[in-house]
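Please read these numbers as outputs of a predicted model, since none were measured by experiment.
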Amino acid sequence: MLWGHKRGAAWLVDAKLLQAGVWSGSEMSKLIPQQDLTYADKEALAGKQRIAGAIFNAELDLSHPLTFGINRKDLPVFKNSNMLLQPSSSPFVNVGWYSSEPHLAGYTAAEYIPRIAQGAALVAHNLGRGRVIGMTDNPVFRGYFQGSSRLLINAIYLGQSFSAVPQAEE
């Protein structure tokens with residue numbers, strides 16, 4: 001089993017190990033208008049382009065083995081990066097995705113929220129005889145969010161208990 005979150009998940013995508021797309025932090029930052037700014041606006045723009053720590057709602061496929069023991073479809077996740085996984089077009093690969101109105105708490109630029117609502121929170125599929133799992137966020141960030149830690153625990157212990165063969169992307 002191969003697990004990657006945040007930049008680790010982006011690396012798995014770049015290495016063609018994880019079948020998903022990535023909206024990088026720089027791509028996300030371009031969603032924030034930058035016309036007619038003066039140098040005095042530089043610090044405010046940099047602050048607006050960051051997600052320093054906010055809570056978003058992810059929706060889970062509760063029938064997937066990686067969600068074993070989680071009883072609610074909605075799972076708040078802690079996001080402190082503007083990197084975002086794009087969902088896979090293959091069936092059974094997207095285990096979690098952000099809800100249509102994902103922002104629950106914390107500061108996030110309004111321009112990011114519609115894109116986050118299009119993102120995948122957790123994708124997992126077969127890779128040869130093993131499995132590869134990618135998550136947009138760190139489910140155990142400083143031990144702060146214990147609910148999302150179940151996803152990592154399940155990946156470690158139940159990582160071989162599912163089969164999702166991704167289709168070749170066209």
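Here the shortest heavy-atom pairing between A9 and G4 reads CB-O, 3.4 Å. In this structure, V140 and S149 approach most closely via the heavy-atom pair CG1-CB, 3.5 Å. Listed here is the closest heavy atom pair of A164 and H125: O-CB, 3.1 Å. Considering all non-hydrogen atoms of both residues, A121 and A58 come closest at CB-CB, 4.0 Å. Smallest separation of non-hydrogen atoms from L158 and S161: O-OG, 2.5 Å. Here the closest non-hydrogen pair linking P139 and S148 is O-OG, 2.9 Å.
Tracing side-chain contacts under 4.5 Å through hydrophobic residues (I, L, V, M, F, W, Y), one reaches L60 starting from Y157; they form part of the same cluster. Residues M135 and L62 are members of one and the same hydrophobic cluster, defined by side-chain heavy-atom contacts under 4.5 angstrom among Ile, Leu, Val, Met, Phe, Trp and Tyr. Taking hydrophobic clusters as Ile, Leu, Val, Met, Phe, Trp and Tyr residues chained together by side-chain heavy-atom distances below 4.5 Å, M28 does not share a cluster with I113.
Counting heavy atoms of neighbouring residues, nucleotides and ligands inside a 6.0 Å radius, atom OH of Y107 exceeds 12 of them. Within a 6.0 Å radius of CD in Q160, other residues, nucleotides and ligands contribute more than 12 heavy atoms.
Between the side chains of N126 and S163, at least one donor-acceptor pair of N or O atoms lies under 3.5 Å. Side-chain contact check for Q167 and S89: no donor-acceptor pair (N or O, by modelled atom type) lies under 3.5 Å.
For F162, the ring pair (Phe, Tyr, Trp, His ring centres under 6.0 Å) partners are H64, not counting sequence neighbours. Partners of W97 according to the side chain to side chain donor-acceptor pair (under 3.5 Å) rule, which considers only residues two or more places apart in sequence or in another chain, are E59. For Y98, there are no ring pair (Phe, Tyr, Trp, His ring centres under 6.0 Å) partners at least two apart in sequence or on another chain. Residues passing the salt bridge (Lys or Arg N to Asp or Glu O under 4.0 Å) test with E27, sequence neighbours excluded: none. Partners of S100 by side chain to side chain donor-acceptor pair (under 3.5 Å), not counting sequence neighbours: none found. Scanning for side chain to side chain donor-acceptor pair (under 3.5 Å) contacts around Q86 gives an empty result, with sequence neighbours left out. With sequence neighbours left out, T108 forms a side chain to side chain donor-acceptor pair (under 3.5 Å) with no residue at all.
Under the 4.5 Å side-chain criterion, counting only non-hydrogen atoms from C-beta, L151 is in contact with I70. The shortest distance between side-chain heavy atoms of D61 and T67 does not fall below 4.5 Å. The shortest side-chain heavy-atom distance between L66 and I133 falls under the 4.5 Å cut-off. A heavy-atom distance below 4.5 Å is not found between the side chains of V95 and V123. Here the side chains of Y112 and I32 are in contact, with some heavy-atom distance below 4.5 Å.
Going from atom CH2 of W3 over to atom CG of L18 covers 11.0 Å, rounded to the nearest 0.5 Å. Between atom CG of residue L122 and atom CG of residue N154 there is a gap of 10.0 Å, rounded to the nearest 0.5 Å. To the nearest 0.5 Å, atom CG of residue N138 and atom NE2 of residue H5 are 3.5 Å apart. Here the CG-CG distance, from L12 to L127, works out to 9.0 Å after rounding to the nearest 0.5 Å. Rounded to the nearest 0.5 angstrom, N94 CG and L85 CG are separated by 9.5 Å. Of the inter-residue distances, the one linking S63 atom OG with F68 atom CZ reads 13.5 Å to the nearest 0.5 angstrom.
Sorted by first and then second residue, the salt bridge (Lys or Arg N to Asp or Glu O under 4.0 Å) pairs involving residues 113-135 (not counting sequence neighbours) form an empty list. Listed by first and then second residue, the salt bridge (Lys or Arg N to Asp or Glu O under 4.0 Å) pairs that reach into residues 13-25 come to none, sequence neighbours excluded. Within the structure, salt bridge (Lys or Arg N to Asp or Glu O under 4.0 Å) contacts touching residues 147-161 (residues at least two apart or in different chains) do not occur.
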Taking it one step at a time, do F56 and L104 satisfy side chain to side chain contact (heavy atoms under 4.5 Å, CB included)?
CA-CA 5 Å; F56 288 86; L104 296 175; 5.8 Å; no
Side chain to side chain contact (heavy atoms under 4.5 Å, CB included) between L17 and W11, worked out:
CA-CA 9 Å; L17 299 172; W11 182 87; 3.9 Å; yes
Throw together a table of side-chain donor-acceptor distances under 3.5 angstrom for residues 41-53, partners on residues two or more places apart or in other chains.
from, atom 1, to, atom 2, distance (Å)
D41, OD2, T38, N, 2.8
D41, OD2, T38, OG1, 3.2
K48, NZ, E111, OE2, 3.3

With a 3.5 Å cut-off and sequence neighbours excluded, list the donor-acceptor pairs that the side chains of residues 71-80 form with protein atoms.
from, atom 1, to, atom 2, distance (Å)
D74, OD1, N57, ND2, 3.1
K79, NZ, S81, O, 3.2
K79, NZ, M83, O, 3.0
K79, NZ, D137, OD1, 3.0
N80, OD1, K6, NZ, 2.8

